[in-house]
Structure formats: C-alpha cells, structure tokens
Novice: 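The following block contains the structure, expressed as structure tokens.
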Amino acid sequence: MRILRTPDDRFAGLPDFPYEPSYAQVPDQDGGTLRMAYVEAGPLDGPVVLCLHGEPSWSFLYRHVIRVLVSDGLRVIAPDLVGFGRSDKPAETTDHSYARHIAWVRALTCDVLDLRDITLVGQDWGGLIGLRLAVAEAGRFARLVAANTGLPTGDFPMPDTWLRFREAVRTAPSFDIARSVQSGCRTTLPADVREAYDAPFPDDSYKAGPRAMPGLVPAEPDDPEAPANRAAWDQLKRWDRPFLVAFSDRDPITGPMAPVFSELVPGAHGRPHPTMEGAGHFLQEDAGERLGREIARFVRESA
C-alpha cells in the first residue's frame, strides 16, 4: 500500500481550530500500519463524545461543536478518517473499503484509546462507520447521535441528488473538495474556511479517499456490505440505550432517514429530537453551536 502524508505546513493558521493533533499507528489491513490523526479537547475525566466526520471533510468540520461541548465539561475525540485531514492517505481508491474504514476507526478508538461510555456523533460517513462500530462494540457505547446520516442497505433507492454526486465524483477530471463542502451548506463559507477544507489535499493524488467513498456506499442490494448493514439494522431495532436524531431540514440526501431512525430505534422513542432549521447537509457548519448544545443536553439528561 502506497501512503501519502500531507505536509504539516498545509494546516497552518486554521480558523477557529486551535486544537493540536495527536497521532496513533493503526494496522492498515494490508500488513503495514497507518498514522491516524485526531484532536482531543476537554477534561480527561469528562464524558467522552466521539465525533466522526464524513465525505469529503475532516475533523475541522466539528470546530464549533467541539467548542460548545468542551465548555459543557465534555471530553471530545474527533478523528480524521484515513484518507482525510491529517491522517495518512492510501494512494489508490482500491485501498479503501467500507470494512477497512470501520477497522481503522475501531483500532484507534478501541485498541489505542480504549474509549468507553462513548457518545457517538456520526454525520454522513461518520454514521455509516460509527453505527456499524457501535453495534459491533456495543459494550463501549452509552448513547448514539445520528446527524444527517444513514445506514443504507441498497434495498431502497438512493436519492437522485446523491446518485448525481456519486457519478460526478467518479467521472470528474478533478474533485474540488471545498466546492463540494460549500454545496452542502446553506451559509456561505469564508475563504479561509474553504482553504481549510482543501488543506489536506495538496493535489489530486491525495484524494483517493474522497474519490472512493461514494462508490463504497451500499446503494444496491447485492453490495458486499449490504448484509452487514442489514444485520446492524437488526441490532439497532433492539437498541434501547439513548439515541438522538439531530438532522437539519435542508438536506435532500439524508433527510428522509430522520423519521426512520426515530421510529425504528427503541432508544429514540419518547424523546424530543431537534431539527436544525435552515441548515444543509453539513449542519456542523450551518448550525454547529446549536448542534453542540443539543448534544450536550442529550448527554446530561440521559446520564
């Protein structure tokens, strides 16, 4: 496996993101190791909140959420998925698979950091990975937050908006990361924020992860990961620990999943679920502080 690593100077002067990165070595699932990056903030003895980002962002996406959670006494761990942010970047799209991304996050959170009593916050791929991890390592997770995400099995058609996005990523000669994030926001991102989303990718050779991810979503019933997602749903339908559905009202991709989670997951029953009005797919950008407050309240009230 050929690995690329983004130079540190690409991350100088990030706006509203003063957190120093930590690094850990995890098995690359190919006989070697990868360096995964994460930021940690808040008191070491505070309740753990694991914030997982998705495509094509990185932990920078959670900066406003992190600030609110830390001010409420929570300990936040926000990793960069392999292929994103400051984490190592396998250079071929074929190096990436759904199963490998779960294994990489599991190695960091369970084997290296040994996190327990975790509150998961999963958005986009952060939910696809995090929900699978949570049901596989159920003894480590105290509560779950689904935020503009899903757990597709291919048994129901994906939205046309997402299918067009998958095709564009597959066929476009270049992949404009900042533009992709901006297209999923309702607010206009300042230039320095757009630069921060481009920072992990000095050129297109570093973008195998973002290029691969849309094609790894189980969008057809015969996808190799569809059976595992169906099995995960079977477990979620018995999940009686606290479950919060925190979606925005302007996300055409994942919006239909909000009532599915709230109706099918027992831990979501009888609980008020917030809707982030006027926010798009990247609700951390459009409504980050409110999302942080809702997560903090959820942790306190369900402790």
Novice: State whether F60 and R63 meet the cation-pi test: NZ (Lys) or CZ (Arg) under 6.0 Å from the six-membered ring centroid, and within 45° of the perpendicular axis.
Specialist: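 Relative to the ring axis of F60, which defines the angle, R63 lies inside both limits.
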Novice: Assess whether a salt bridge exists between E167 and R164, defined as any Lys/Arg side-chain N lying under 4.0 Å from an Asp/Glu carboxylate O.
Specialist: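 Salt bridge absent between E167 and R164.
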Novice: For side chain to side chain contact (heavy atoms under 4.5 Å, CB included), just list the numbers for D95 and R100, CA-CA rounded to whole Å, side-chain angles, deciding distance to a tenth of an Å, and then say yes or no.
Specialist: CA-CA 9 Å; D95 294 329; R100 279 183 170 179; 4.2 Å; yes
Novice: Can you pull the ring-ring contact (aromatic ring centres under 6.0 Å, His included) pairs that have at least one residue in residues 125-159, sequence neighbours excluded?
Specialist: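 Residue pairs passing ring-ring contact (aromatic ring centres under 6.0 Å, His included), neighbours aside: Y98-W125.
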Novice: I'd like to know if the side chain of D192 reaches the main chain of P15, judged simply by a donor and an acceptor atom lying under 3.5 Å from each other, with no hydrogens or angles considered.
Specialist: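 Pair absent, no side-chain N/O of D192 close to backbone of P15.
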Novice: Report whether V68 and L50 are members of the same hydrophobic cluster (ILVMFWY, side-chain heavy atoms less than 4.5 Å apart, transitive linking).
Specialist: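 No, separate clusters.
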Novice: Heavy atoms, side chains only, cut-off 4.5 Å: are T33 and P27 in contact?
Specialist: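 No, every pair of side-chain atoms sits at 4.5 Å or beyond.
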Novice: Under a 3.5 Å distance rule, please check whether R230 uses its side chain to pair with a backbone N or O of D155 as donor and acceptor.
Specialist: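 Not a single qualifying donor-acceptor pair exists.
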Novice: Using only atom types and a distance under 3.5 Å, with no angle test, would you say the side chain of R35 pairs donor to acceptor with the backbone of Q25?
Specialist: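 Not confirmed, R35 side chain does not pair with Q25 backbone.
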Novice: Look at the aromatic rings of W58 and F17 and report parallel, tilted or perpendicular, splitting at 30° and 60°.
Specialist: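 Geometry flag for F17 against W58: perpendicular rings.
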Novice: If every non-hydrogen atom of F247 is compared with every non-hydrogen atom of L283, which pair is closest and at what distance?
Specialist: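 For F247 versus L283, the nearest heavy atoms are C-CD1, 4.3 Å.
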Novice: Taking the six-membered ring of F11, is the NZ or CZ of R86 close enough (under 6.0 Å from the centre) and on axis enough (within 45°)?
Specialist: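 That pair qualifies as a cation-pi contact.
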Novice: In the structure I gave you, are the side-chain heavy atoms of H101 and V105 within less than 4.5 Å of one another anywhere?
Specialist: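 In short, these two side chains do not touch, never coming nearer than 4.5 Å.
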Novice: Do D28 side-chain atoms and D30 backbone N/O form a donor-acceptor pair below 3.5 Å?
Specialist: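 Side chain of D28 to backbone of D30, a donor-acceptor pair under 3.5 Å: yes, one is there.
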Novice: Is the backbone N or O of D176 less than 3.5 Å from a side-chain atom of S180, with the two atoms forming a donor-acceptor pair by type?
Specialist: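 Such a contact is absent between S180 side chain and D176 backbone.
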Novice: Could you tell me the separation between the OG1 atom of T153 and the CG atom of N229, rounded to the nearest 0.5 Å?
Specialist: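 One finds 7.0 Å between OG1 of T153 and CG of N229.
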Novice: Take E92 and R211, measure what salt bridge (Lys or Arg N to Asp or Glu O under 4.0 Å) needs, and give me the verdict at the end.
Specialist: CA-CA 9 Å; E92 306 300 328; R211 284 282 199 180; over 6 Å; no
Novice: Taking all heavy atoms of P47 and all of V299, pick out the closest pair and write down the distance.
Specialist: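 Smallest heavy-atom distance, with atoms named: CB-CG1, 4.2 Å.
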Novice: Are the side chains of I77 and V49 in contact, using a 4.5 Å heavy-atom criterion?
Specialist: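 Not in contact.
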Novice: Which heavy-atom pair separates C51 from V76 by the least distance, and what is that distance?
Specialist: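 Where C51 meets V76 most closely, the heavy atoms are SG-CG1, 4.0 Å.
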Novice: Are V260 and W233 close enough that some pair of their side-chain heavy atoms sits under 4.5 Å apart?
Specialist: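 Yes, side chains in contact.
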Novice: Search all heavy atoms of R166 against all heavy atoms of A219 and return the closest pair with its distance.
Specialist: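 For R166 and A219, the tightest heavy-atom pair comes out as NH1-CB, 3.7 Å.
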Novice: Under a 4.0 Å threshold between the charged nitrogen and the carboxylate oxygen, would E137 count as salt-bridged to R116?
Specialist: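 Salt bridge between R116 and E137, a charged N being under 4.0 Å from a carboxylate O: no.
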Novice: Tell me, with the steps shown, if L52 and V121 meet side chain to side chain contact (heavy atoms under 4.5 Å, CB included).
Specialist: CA-CA 6 Å; L52 296 182; V121 181; over 6 Å; no
Novice: Just by distance, do the side chain of N148 and the backbone of S248 share a donor-acceptor pair under 3.5 Å?
Specialist: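 The answer is yes, because a donor-acceptor pair under 3.5 Å joins these two groups.
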Novice: Between K207 (side chain only) and F175 (backbone N and O only), is there a donor and an acceptor less than 3.5 Å apart?
Specialist: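 It does hold such a pair.
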Novice: Using a 4.5 Å cut-off on heavy atoms from C-beta on, say whether the side chain of R2 contacts that of P90.
Specialist: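 Sidechains of R2 and P90: no contact.
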Novice: Can you tell if the side chain of H53 reaches within under 4.5 Å of the side chain of L81, non-hydrogen atoms only?
Specialist: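 Of all side-chain heavy-atom pairs linking L81 with H53, at least one is under 4.5 Å.
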Novice: Could you grab the distance from atom CD of Q182 to atom CG of L189, nearest 0.5 Å is fine?
Specialist: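 Answer for the CD-CG pair, Q182 versus L189, is 4.0 Å.
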Novice: Working to the nearest 0.5 angstrom, can you tell me the gap between M1 CE and Q29 CD?
Specialist: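 Those atoms lie 8.0 Å apart.
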Novice: What are the two closest heavy atoms between V217 and P152, and how far apart are they?
Specialist: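 Taking V217 first and P152 second, the nearest heavy atoms are CG1-CG, 3.6 Å.
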Novice: Does the side chain of D286 come under 3.5 Å of the side chain of T187 through a donor N or O and an acceptor N or O?
Specialist: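 A pair is found: one side chain offers a donor N or O, the other an acceptor, under 3.5 Å apart.
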Novice: Do R143 and S302 have side-chain atoms, one donor and one acceptor, less than 3.5 Å apart?
Specialist: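 The answer is yes; a qualifying pair exists.
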Novice: Working to the nearest 0.5 Å, report the span between CD of Q235 and CG of L131.
Specialist: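 The CD atom of Q235 sits 11.5 Å away from the CG atom of L131.
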Novice: Would you mind checking if R140 and D114 are paired as a salt bridge, meaning a charged N to carboxylate O distance below 4.0 Å?
Specialist: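 Between R140 and D114 there is a salt bridge, with a charged N closer than 4.0 Å to a carboxylate O.
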Novice: When rounded to the nearest 0.5 angstrom, what distance separates CG in L128 from CD1 in I102?
Specialist: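 That separation rounds to 8.5 Å.
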Novice: Rounded to the nearest 0.5 Å, how far does CD1 of I177 lie from CZ of F201?
Specialist: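 It comes to 4.5 Å.
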Novice: Using a strict cut-off of less than 4.0 Å between a Lys/Arg side-chain nitrogen and an Asp/Glu carboxylate oxygen, indicate whether E225 and R132 qualify as a salt bridge.
Specialist: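 Counted as a salt bridge, because a side-chain N and a carboxylate O are separated by less than 4.0 Å.
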Novice: What pairs with W239 under ring-ring contact (aromatic ring centres under 6.0 Å, His included), at least two apart in sequence or on another chain?
Specialist: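 Scan of W239 (ring-ring contact (aromatic ring centres under 6.0 Å, His included), adjacent residues dropped) gives none.
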Novice: Hey, are the side chains of M276 and L291 touching, using non-hydrogen atoms and a 4.5 Å cut-off?
Specialist: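 The answer is yes, as the side chains (C-beta and beyond) meet within the 4.5 Å cut-off.
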Novice: Would you indicate whether D117, at its atom CG, is surrounded by more than 12 heavy atoms from other residues, nucleotides or ligands within a distance under 6.0 Å?
Specialist: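 Atom CG in D117 is not crowded, with 12 or fewer foreign heavy atoms closer than 6.0 Å.
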Novice: Which side-chain hydrogen bond (donor to acceptor under 3.5 Å, both in side chains) pairs, counting each pair once, include a residue from residues 259-274, with sequence neighbours left out?
Specialist: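 Of all non-adjacent pairs touching residues 259-274, none passes side-chain hydrogen bond (donor to acceptor under 3.5 Å, both in side chains).
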Novice: Can you find a pair of side-chain heavy atoms, one from R290 and one from E277, that are under 4.5 Å apart?
Specialist: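 Yes. Closest side-chain heavy atoms under 4.5 Å.
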Novice: Going through the distances and angles, do I129 and W104 end up as a side chain to side chain contact (heavy atoms under 4.5 Å, CB included)?
Specialist: CA-CA 10 Å; I129 293 167; W104 291 328; over 6 Å; no
Novice: Not counting sequence neighbours, which residues clear ring-ring contact (aromatic ring centres under 6.0 Å, His included) with Y62? List them please.
Specialist: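 Here no residue qualifies.
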Novice: Are L115 and Y23 joined in one hydrophobic group, where the rule is that I, L, V, M, F, W and Y side chains link up if heavy atoms are under 4.5 Å apart?
Specialist: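 Different hydrophobic clusters.
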Novice: When you check the gap from the basic side-chain N to the acidic O, do D88 and R5 get nearer than 4.0 Å?
Specialist: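 A salt bridge is present here (some side-chain N lies under 4.0 Å from a carboxylate O).
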Novice: To check you understand the geometry: which heavy-atom pair defines the closest contact between A37 and S87, and what is its length?
Specialist: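 Heavy-atom minimum between the residues: N-OG, 2.9 Å.
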Novice: Are the side chain of R194 and the backbone of P190 linked by a donor-acceptor contact shorter than 3.5 Å?
Specialist: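 No, because the side chain of R194 does not come within donor-acceptor range (under 3.5 Å) of the backbone of P190.
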Novice: Given I3 and L34, is the side chain to side chain contact (heavy atoms under 4.5 Å, CB included) satisfied, shown in steps?
Specialist: CA-CA 8 Å; I3 305 298; L34 290 163; 3.2 Å; yes
Novice: Could you check whether any side-chain N or O of S57 sits under 3.5 Å from a backbone N or O of G54, counting only pairs where one atom can act as donor and the other as acceptor?
Specialist: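 Yes; judged by distance alone, with no hydrogens or angles, the pair exists.
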Novice: Using a strict cut-off of less than 4.0 Å between a Lys/Arg side-chain nitrogen and an Asp/Glu carboxylate oxygen, indicate whether R186 and E285 qualify as a salt bridge.
Specialist: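 So R186 does not pair with E285 through a salt bridge.
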Novice: Answer yes or no: is there a donor N or O on one side and an acceptor on the other, between the side chain of T149 and the main chain of D124, under 3.5 Å?
Specialist: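 Indeed, once roles are kept as given, a pair shorter than 3.5 Å links the two residues.
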Novice: Could you give all pairs that pass the side-chain hydrogen bond (donor to acceptor under 3.5 Å, both in side chains) test and reach residues 71-82, with sequence neighbours left out?
Specialist: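 side-chain hydrogen bond (donor to acceptor under 3.5 Å, both in side chains) check on residues 71-82 returns E40-R75, S59-D80, D72-R300.
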Novice: Taking ring-ring contact (aromatic ring centres under 6.0 Å, His included) as the definition, give me every residue that meets it alongside H281, ordered by chain and number, with sequence neighbours left out.
Specialist: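 Listed in chain order: nothing, the list is empty.
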